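On a predicted model such as this, the values are computed, not experimentally measured, just so you know. Letters go in sequence order (proteins before strands), and every chain restarts at 1.
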Protein chains: 2
Amino acid sequence: MSASRLQEEIKKKEPFASAEQEATLNLLRTSDQLHNRFGRLFRKYGLTSSQYNVLRILRGEGKALPSLEIAERMIQVVPAITGLIDRLEKQELVERRRCNDDRRVVFVEITEKGMTLLSEMDQPVSDTHVQLMGHLSKAELQELSRLLEKARMSLAPGKEKEA
Amino acid sequence: MSASRLQEEIKKKEPFASAEQEATLNLLRTSDQLHNRFGRLFRKYGLTSSQYNVLRILRGEGKALPSLEIAERMIQVVPAITGLIDRLEKQELVERRRCNDDRRVVFVEITEKGMTLLSEMDQPVSDTHVQLMGHLSKAELQELSRLLEKARMSLAPGKEKEA
DNA sequence: ATGTATTAGATGACATGTAAATTAAGTGGA
DNA sequence: TCCACTTAATTTACATGTCATCTAATACAT
């Protein structure tokens with residue numbers, strides 16, 4: 001049996017302890033590389049990956065969202081959102097608005113400037129998606145999505161194993 | 001056609017622009033969640049994911065490695081390695097040694113203390129791998145690894161598209 | 001040998017991710 | 001009414017990841 005491609009890539013001398021471990025490391029490595037690649041694209045427009053993500057969520061929603069809603073959709077811890085919104089606001093890509101009904105809540109909304117920036121990025125982003133994953137067939141892409149969704153089933157919130 | 005699971009998870013209102021995009025976002029999201037989960041496990045032992053990674057690489061190699069070698073295997077940028085090694089050295093889990101042949105090179109080696117810590121973590125880490133991915137069949141895990149490796153083919157260094 | 005290019009690392013500035021603690025506001029019950 | 005509890009967001013402290021820049025050491029060509 002020849003060594004796996006991943007094993008060669010990271011120059012690992014021993015084979016993987018399990019298929020589970022190999023799949024997980026493959027996943028983390030592929031994701032890192034994709035993240036890097038998109039990060040470089042976004043930087044050309046003055047954004048980081050997280051900032052782009054927030055703008056996409058806000059555009060997709062079409063209206064203002066509470067900070068916590070945004071954090072939830074990004075799998076991120078709450079404290080990180082504050083600074084993220086701060087920087088987007090400084091660039092005038094989003095606006096904060098205190099909610100009147102519940103003054104604890106801060107609504108965040110994308111601005112015209114933010115929408116314009118996203119529009120400029122749409123084509124390059126779309127092109128990059130195809131460039132990076134287009135060599136997989138539609139059937140392979142669907143199967144990949146299916147397997148990833150299945151993988152996430154054990155990761156749902158609340159499924160944490162207690163020590 | 002019903003909306004995809006990912007589309008529901010992130011409450012996206014429009015369907016994905018392409019199968020490429022959906023697969024990529026699935027990948028990034030799954031990876032984030034796995035990363036979070038392992039991060040929490042490692043933290044119980046006083047390590048971050050990156051620190052654990054360095055120790056695993058050094059144990060796998062069995063001997064000292066130059067800093068750049070470590071960075072390369074981790075997909076990471078060079079500057080990050082310095083601080084990473086700094087903190088591991090402070091915890092006495094690794095040691096730095098200047099190379100005599102080429103005094104620019106710094107070799108990093110795992111210590112006894114580092115090896116002992118890794119040993120304690122082996123079983124919990126292995127258990128977590130199975131816990132998180134064990135609900136996929138062996139065939140599915142292999143197919144997942146195959147698709148991820150194929151996905152990385154477009155990400156090889158030097159394949160960057162020029163602007 | 002000498003000046004240029006290259007290579008290995010380190011440093012500084014900044015954005016991010018994490019946990020723990022804090023502030024402010026809303027809810028409920030004695 | 002008043003206190004305990006919860007919730008939304010922020011703040012603080014620290015590890016990380018990124019880039020640009022710097023230093024030291026080596027390699028190479030003339």
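Between the P atom of dT18(D) and the CG atom of Asn36(A) lies a distance of 5 Å, rounded to the nearest Å. Following rounding to the nearest Å, Phe42(A) (CZ) and dG17(D) (P) show an atom-to-atom distance of 19 Å. As rounded to whole Å, 9 Å separates atom P of dG9(C) from atom CD1 of Ile70(B). Remark: C1' of dG26(C) and CZ of Arg98(A) are 13 Å apart, rounded to the nearest angstrom. Taking atom CG on Leu84(A) and atom C1' on dT18(C), their separation rounds to 14 Å, with Å as the unit. Rounded to an integer number of Å, the gap from Lys90(A) NZ to dC14(C) C1' is 11 Å. When the P atom of dA8(D) is taken as reference, atom CZ of Arg97(A) falls 18 Å away, rounded to whole Å. Here dA15(C) presents its P atom at 11 Å from CG of Asp86(A), a figure rounded to the nearest Å.
Within 4.0 Å of Val105(B), counting heavy atoms only, lie sugar-phosphate atoms of the nucleic acid but no base atom. Residue-level contact check: Arg96(B) touches the backbone only, with heavy atoms under 4.0 Å from sugar-phosphate atoms and none from bases. Within 4.0 Å of Pro66(B), counting heavy atoms only, lie sugar-phosphate atoms of the nucleic acid but no base atom.
Taking the six-membered ring where tryptophan is involved, the planes of His129(B) and Phe38(B) are tilted, since the angle between them lies from 30° to 60°.
No donor-acceptor contact under 3.5 angstrom links the side chains of Arg146(A) and Asn26(B), judged on distance only.
Ion pair Lys150(A)/Glu143(A) not flagged as a salt bridge, since none of the NZ, NE, NH1 or NH2 atoms sits closer than 4.0 Å to an Asp/Glu carboxylate oxygen. Lys138(B) has a carboxylate O that lies under 4.0 Å from a charged side-chain N of Glu20(A), or vice versa, which qualifies the two as a salt bridge. With respect to the salt-bridge test (charged N to carboxylate O, under 4.0 angstrom), the residues Asp86(A) and Arg96(A) qualify. The pair Arg73(A)-Glu61(A) counts as a salt bridge, with a side-chain nitrogen and a carboxylate oxygen less than 4.0 angstrom apart.
Distance from the side chain of Arg103(B) is smallest for dA25(D) among the nucleotides dT10(D), dA25(D), dA25(C). Minimum atom distance to the side chain of Ser67(A) is reached by dA9(D), of the listed dT26(D), dA25(C), dA9(D). For Arg43(A), taking side-chain heavy atoms from C-beta onward, the closest of the listed nucleotides dC19(D), dA8(C), dA9(D) is dC19(D).
Residue Ala80(B) is the one, among Val78(A) and Ala80(B), whose nearest nucleotide of DNA chain C lies closer to the 5' end (criterion: closest heavy atom). In terms of position along DNA chain D, the nucleotide closest to Val106(A) lies nearer the 5' end than the nucleotide closest to the other residue of the pair Arg87(B) and Val106(A). Map Gly83(B) and Val77(B) each onto its nearest nucleotide of DNA chain D; the residue landing nearer the 5' end is Gly83(B).
For residues 46-55 of chain A, proximity to DNA chain D is found at no residue, defined as any non-hydrogen atom under 4.0 angstrom from a strand atom.
In terms of heavy atoms, Leu118(B) sits closest to Leu55(B) at CD1-O, 3.6 Å.
Linking Ile, Leu, Val, Met, Phe, Trp and Tyr whenever their side-chain heavy atoms come within less than 4.5 Å leaves Leu34(A) and Val130(A) in two separate clusters.
In terms of phosphate contacts, Arg104(A) brings no side-chain nitrogen or oxygen within less than 4.0 Å of OP1 or OP2 of dA9(D).
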